[in-house]
Amino acid sequence: PECKFLLNDQSVSRLSRLKNVIKSFLPSSYRTKIKFSNLNASTISAYSSFDKILVDAPCTNDRHSLYVSDNNIFAPKRINERVQMPMKQMDLLVNALRCVKPGGVVVYSTCSLSPIQNDGVVHQALLKMSNEADFTVVNVKNALRPLRGIFELDHSFKYGTQVLPSLPSNFGPMYFAKIIKNF
């Protein structure tokens, strides 16, 4: 079966990096099946069009913020942006839930430890969408069992899983929730 991909990022610089990664790792014959765009994903109106959607939400990027002071999201001048972030994340997730086909999957992901940006956003998005469609949140604990020795996983959340920051694995934080749109 022929696969087609839409890779979207509102940031021109991130989209450029994404294009370079794709160019570096995929043969040109596969790249013809990929379309790039830099739209605000919360305004894409291709409802019930996609089989799978990854919402790699802009977030406080907690690990990066520890080491980089240039344009840090925790800088006092960015407080309004930080306060608005969960609403922006929710808008992205709500639109992804609208754009996925029945039976399709949305994965919501951040690199934040913030419960508000993680389970809080998923909860609010599902609440907002409760009159439009029915969704099931997938428990991924068993699927992630082989990674237990590599990553520190926290499955105590209502909707998602948190990969905790860990020096030995040089990874984290990361949060993700897998949501299926029911038929």
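Just so you know, these numbers come straight off a predicted model, no measurement behind them.
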Closest heavy-atom contact between [X] and [Y]?
X    : Y    : answer
I53  : A96  : CD1-O, 3.4 Å
R78  : N72  : CD-O, 3.4 Å
Y175 : A177 : OH-CB, 3.8 Å
P58  : K88  : CG-CE, 4.1 Å

Where the side chain of [X] meets the backbone of [Y], is there a donor-acceptor pair that is under 3.5 Å apart?
X    : Y    : answer
D119 : K158 : yes
Q162 : L153 : no
N118 : S112 : yes
S16  : V12  : no

What salt bridge (charged side-chain N to carboxylate O under 4.0 Å, His left out) pairs are there with at least one residue in residues 5-31, not counting sequence neighbours? D9-R14, R14-D56

In Å, rounded to the nearest 0.5 Å, how long is the span from [atom1] of [X] to [atom2] of [Y]?
X    : Y    : atom1 : atom2 : value
L113 : T110 : CG    : OG1   : 8.0 Å
Q89  : S114 : CD    : OG    : 7.5 Å
M87  : L92  : CE    : CG    : 12.0 Å
M174 : L164 : CE    : CG    : 12.5 Å
N38  : L7   : CG    : CG    : 12.5 Å

Residue pair N95, S42: steps toward the side-chain hydrogen bond (donor to acceptor under 3.5 Å, both in side chains) verdict: CA-CA 5 Å; N95 202 48; S42 65; over 6 Å; no

Transitive ILVMFWY cluster of I79, excluding itself - 4.5 Å side-chain cut-off: V83

Report the residues that fulfil side chain to side chain donor-acceptor pair (under 3.5 Å) with N139, sequence neighbours left out, ordered by chain and then residue number. none

Answer yes if [X] and [Y] sit in the same cluster of Ile, Leu, Val, Met, Phe, Trp and Tyr residues linked by side chain heavy atoms under 4.5 Å apart, and no otherwise.
X    : Y    : value
Y108 : L6   : yes
V138 : F50  : no
L93  : F135 : yes
V140 : V137 : no
L54  : F176 : yes

Donor-acceptor pairs under 3.5 angstrom involving side-chain atoms of residues 145-152: please list them, not counting sequence neighbours.
{"residue": "R145", "atom": "NH2", "partner": "N142", "partner atom": "OD1", "Å": "2.5"}
{"residue": "R148", "atom": "NE", "partner": "R145", "partner atom": "O", "Å": "3.3"}

Between the side chains of T60 and Q117, does any donor sit under 3.5 Å from an acceptor? yes

Is it true that atom OH of Y30 has more than 12 heavy atoms of other residues, nucleotides or ligands lying nearer than 6.0 Å? no

Which pairs would a plain distance check flag for residues 97-106, meaning a side-chain donor or acceptor within less than 3.5 Å of a matching protein atom at least two apart in sequence or in another chain?
{"residue": "R98", "atom": "NE", "partner": "E132", "partner atom": "OE1", "Å": "2.9"}
{"residue": "R98", "atom": "NE", "partner": "E132", "partner atom": "OE2", "Å": "3.3"}
{"residue": "R98", "atom": "NH2", "partner": "E132", "partner atom": "OE2", "Å": "2.6"}
{"residue": "K101", "atom": "NZ", "partner": "D51", "partner atom": "OD1", "Å": "3.4"}

For residues 121-129, tabulate all N or O donor-acceptor pairs below 3.5 Å that involve a side-chain atom, not counting sequence neighbours.
{"residue": "H123", "atom": "ND1", "partner": "Y159", "partner atom": "OH", "Å": "2.6"}

